[in-house]
Q: 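Have a look at this one.
Here, residue 1 is the first one in the sequence, and each next residue gets the next number.
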Amino acid sequence: MCKKNFTAFRNLGSDPSIRAEQRQLLEQGVIELSSLIGIRRACEVFGLSRSGLYARMKPKDEKTGSQGMKKKSHRALSEQERSNTLAVLNSVRFMDQSPRQVEAIMLDEGQYICSASTMYRILRSEDQVKERRNQARHPKYKQPELIAIGPNQVWSWDITKLKGPDKLKYYCLYVVLDIYSRYVVAWQVAERESAQLASDMFLSASLREGIQSNQLCIHADRGSAMTSKSVSQLLSDLQIERSHSRPHVSNDNPYSESCFKTVKTCPAFPERFGSIEDARQFCAEFFDFYNHSHRHSGIVMLTPATVHHGGGQIQLERRYEERLRRYELHPERYVNGPPRLEILPKAVWINKPKPQTLEELLSDAAL
């Protein structure tokens, strides 16, 4: 039988079981022919892989163990050596060291267990290939959710730097802001951040505004002055609730950040202040303008002082009456119909709560 016939015979079957029988017949033919022309030429005649034939001819007990598992290499560590290696890697001394470090340290001490790659292989089999050093565990801070439906319910405060006359010379501007009315209830410029200065500022502001027990919540970030013991103790004595932003989350204190931007983008804001007296003079003029003349978009273009002292809705009604008079004179100019009475925001918040929670907070605040 020629090579062409053997190839055609090999390609006859398409069913897997038939092909397996054909392969067995071809292998049997190769074995018989190999005694005459050698196994290499016999495999070429029948078109079979010589390495595949050798693999199928090899006894199963030589490829696998008694339980059908892959045969262990003669170079592998014994079970005792493997256990000792794992114990060393997990010991108090080496538990925060990488395998390469462990190998180097033990070699310097005249000891050798196994290579670093073998240590990695052992750790991988035990599902311990991960960061071995002790890692800092930062607490998960809860997102602050504050709501105000009127003045003197939530204040926000922060400290920003003002450039002094020389490089690396700064003054600290403290600002306390009512988030509902946007009214600056207190401010000061100092040489440095000081918990005592902040405490004095809060005490005078709370007395001036007539803050009652459990009426107010003061929100701030986590600066040293904001979290100081003296400020915390004062607010606790005044029965004022405290709230803090999450670390590195500027969105948790948007009202103070917005106020500082308004200050620093003012056309009259200088590049540097010549002295602390210059900074105080500028801030006195600016915050007087901000409270009594600045029209804020968040409170229907009213001034913060008007809203803070309870005259906001009265002013909006006056605007409405004036618009209504103009409408009666020239109704054709009002293509969208008669003017509507504007109203102040029902509530403002830091991190808007979910709708159901918001309704609960509004009902609690109303009480």
Q: Does CG belonging to Leu36 count more than 12 external heavy atoms closer than 6.0 Å?
A: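 Atom CG in Leu36 is packed in, count exceeds 12.
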Q: Is the side chain of Tyr120 donor-acceptor paired with the backbone N or O of Ser115 at a distance under 3.5 Å, no angle test?
A: no
Q: With respect to Asn253, which candidate in Ser258, Ser245, Ser156 satisfies the side chain to side chain donor-acceptor pair (under 3.5 Å) definition?
A: Ser156
Q: Side chains of Asn351 and Asp252: closer than 4.5 Å at any heavy-atom pair?
A: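 In short, these two side chains touch, coming nearer than 4.5 Å.
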Q: Are there more than 12 heavy atoms of other residues, nucleotides or ligands under 6.0 Å from atom CD1 of Ile343?
A: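 Not more than 12 within 6.0 Å, no.
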Q: Ring centroids only, cut at 6.0 angstrom: are Trp157 and Phe202 within range, meaning strictly under it?
A: yes
Q: Quick check: does any side chain N or O of Asp288 sit under 3.5 Å from a backbone N or O of Ala284, one acting as donor and the other as acceptor?
A: no
Q: Val263 and Ile179: same hydrophobic cluster, using ILVMFWY side-chain contacts below 4.5 Å?
A: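 In one cluster with Val263: Ile179, yes.
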Q: Side chains of Glu193 and Tyr174: does their closest heavy-atom pair fall under 4.5 Å?
A: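 Glu193 reaches Tyr174 side chain to side chain.
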Q: Find out whether Glu342 and Tyr320 are in side-chain contact, i.e. whether some heavy atom of one side chain is under 4.5 Å from a heavy atom of the other.
A: no
Q: Is there a side-chain contact between Asn90 and Glu126 in this structure, where contact means two heavy atoms from C-beta onward sitting under 4.5 Å apart?
A: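 The answer is no, as the side chains (C-beta and beyond) never meet within the 4.5 Å cut-off.
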Q: Does His248 have more than 12 heavy atoms from other residues, nucleotides or ligands lying within 6.0 Å of its NE2?
A: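 No, NE2 of His248 has 12 or fewer neighbouring heavy atoms, counting only those of other groups under 6.0 Å.
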Q: Please assess Ser206 against Leu216 for the test side-chain contact (heavy atoms from CB on, under 4.5 Å), listing each intermediate value before the final yes or no.
A: CA-CA 9 Å; Ser206 60; Leu216 177 66; 5.8 Å; no
Q: Give a yes or no on whether Lys161 atom NZ has more than 12 heavy-atom contacts from other residues, nucleotides or ligands under 6.0 Å away.
A: yes
Q: If you define the side chain from C-beta out and look only at heavy atoms, does anything of Trp155 sit under 4.5 Å from His219?
A: no
Q: Step through it carefully: locate the ring centre of Tyr171, locate the ring centre of Phe273, and say whether they are under 6.0 Å apart.
A: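 Aromatic pair excluded; centres sit 6.0 Å or further apart.
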Q: Taking atom CD of Gln128 and atom CG of Leu89, what is their separation to the nearest 0.5 Å?
A: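 Going from CD on Gln128 over to CG on Leu89, the span is 8.0 Å.
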Q: Tell me whether Gln188 contacts the main-chain N or O of Leu197 through its side chain, where contact means a donor paired with an acceptor under 3.5 Å.
A: yes
Q: Going by ring pair (Phe, Tyr, Trp, His ring centres under 6.0 Å), Tyr183 matches just one of His296, His308, His294. Which one?
A: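 So the option named by the test is His308.
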Q: Calculate, to the nearest 0.5 Å, the distance between atoms CD and CG belonging to Gln196 and Leu234 respectively.
A: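 Result: 9.0 Å between the selected atoms.
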Q: Under 4.5 Å between side-chain heavy atoms, hopping through other hydrophobics if needed: is there a path connecting Tyr255 to Ile159?
A: no
Q: Does a donor on one side chain and an acceptor on the other come within less than 3.5 Å for Glu285 and Gln281?
A: yes
Q: Apply side-chain contact (heavy atoms from CB on, under 4.5 Å) to Ser232 and list each qualifying residue two or more places apart in sequence or on a separate chain.
A: Arg242
Q: Under 6.0 Å from the CZ atom of Arg340, do we count more than 12 heavy atoms belonging to anything else shown?
A: no
Q: Transitively linked via ILVMFWY side-chain contacts under 4.5 Å: Ile240 with Ile147?
A: no
Q: Whether the side chain of Arg246 engages the backbone of Tyr141 through a donor-acceptor N/O pair (distance < 3.5 Å, no angle test) should be reported.
A: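 No: the side chain of Arg246 does not pair with the backbone of Tyr141.
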Q: Check whether more than 12 heavy atoms from other residues, nucleotides or ligands sit under 6.0 Å from atom CG of Asp237, and answer yes or no.
A: yes
Q: For Gln233, is there any backbone N or O sitting under 3.5 Å from a side-chain donor or acceptor partner on Ser236?
A: no
Q: Kindly say whether Asp166 contributes a backbone atom to a donor-acceptor pair with the side chain of Arg272 at under 3.5 angstrom?
A: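 The answer is yes, because a donor-acceptor pair under 3.5 Å joins these two groups.
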Q: Would you please name every residue forming a side chain to side chain donor-acceptor pair (under 3.5 Å) with Glu191, sequence neighbours left out?
A: Lys169
Q: Do Leu344 and Leu302 make a side-chain contact, defined as non-hydrogen atoms from C-beta onward lying under 4.5 Å apart?
A: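 They are in side-chain contact.
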Q: Above 12 or not: heavy atoms from other molecules or residues under 6.0 Å from CD of Glu332?
A: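 Yes, CD of Glu332 has more than 12 neighbouring heavy atoms, counting only those of other groups under 6.0 Å.
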Q: Are Thr303 and Asn291 close enough that some pair of their side-chain heavy atoms sits under 4.5 Å apart?
A: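 A side-chain contact is absent here, since even the closest heavy-atom pair is not under 4.5 Å.
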Q: Just verifying a value: how many Å separate Glu145 CD and Ser243 OG, rounded to the nearest 0.5 Å?
A: 10.0 Å
Q: I'd like to know whether Arg325 forms a salt bridge (charged side-chain N to carboxylate O under 4.0 Å, His left out) with Glu322, so could you lay out the CA-CA distance, the side-chain angles of the two residues, the decisive distance to 0.1 Å, and finally the verdict.
A: CA-CA 5 Å; Arg325 281 194 295 269; Glu322 181 61 29; 2.4 Å; yes
Q: Are any non-hydrogen side-chain atoms of Asp158 and Val176 less than 4.5 angstrom apart?
A: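 No, their side chains stay 4.5 Å or more apart.
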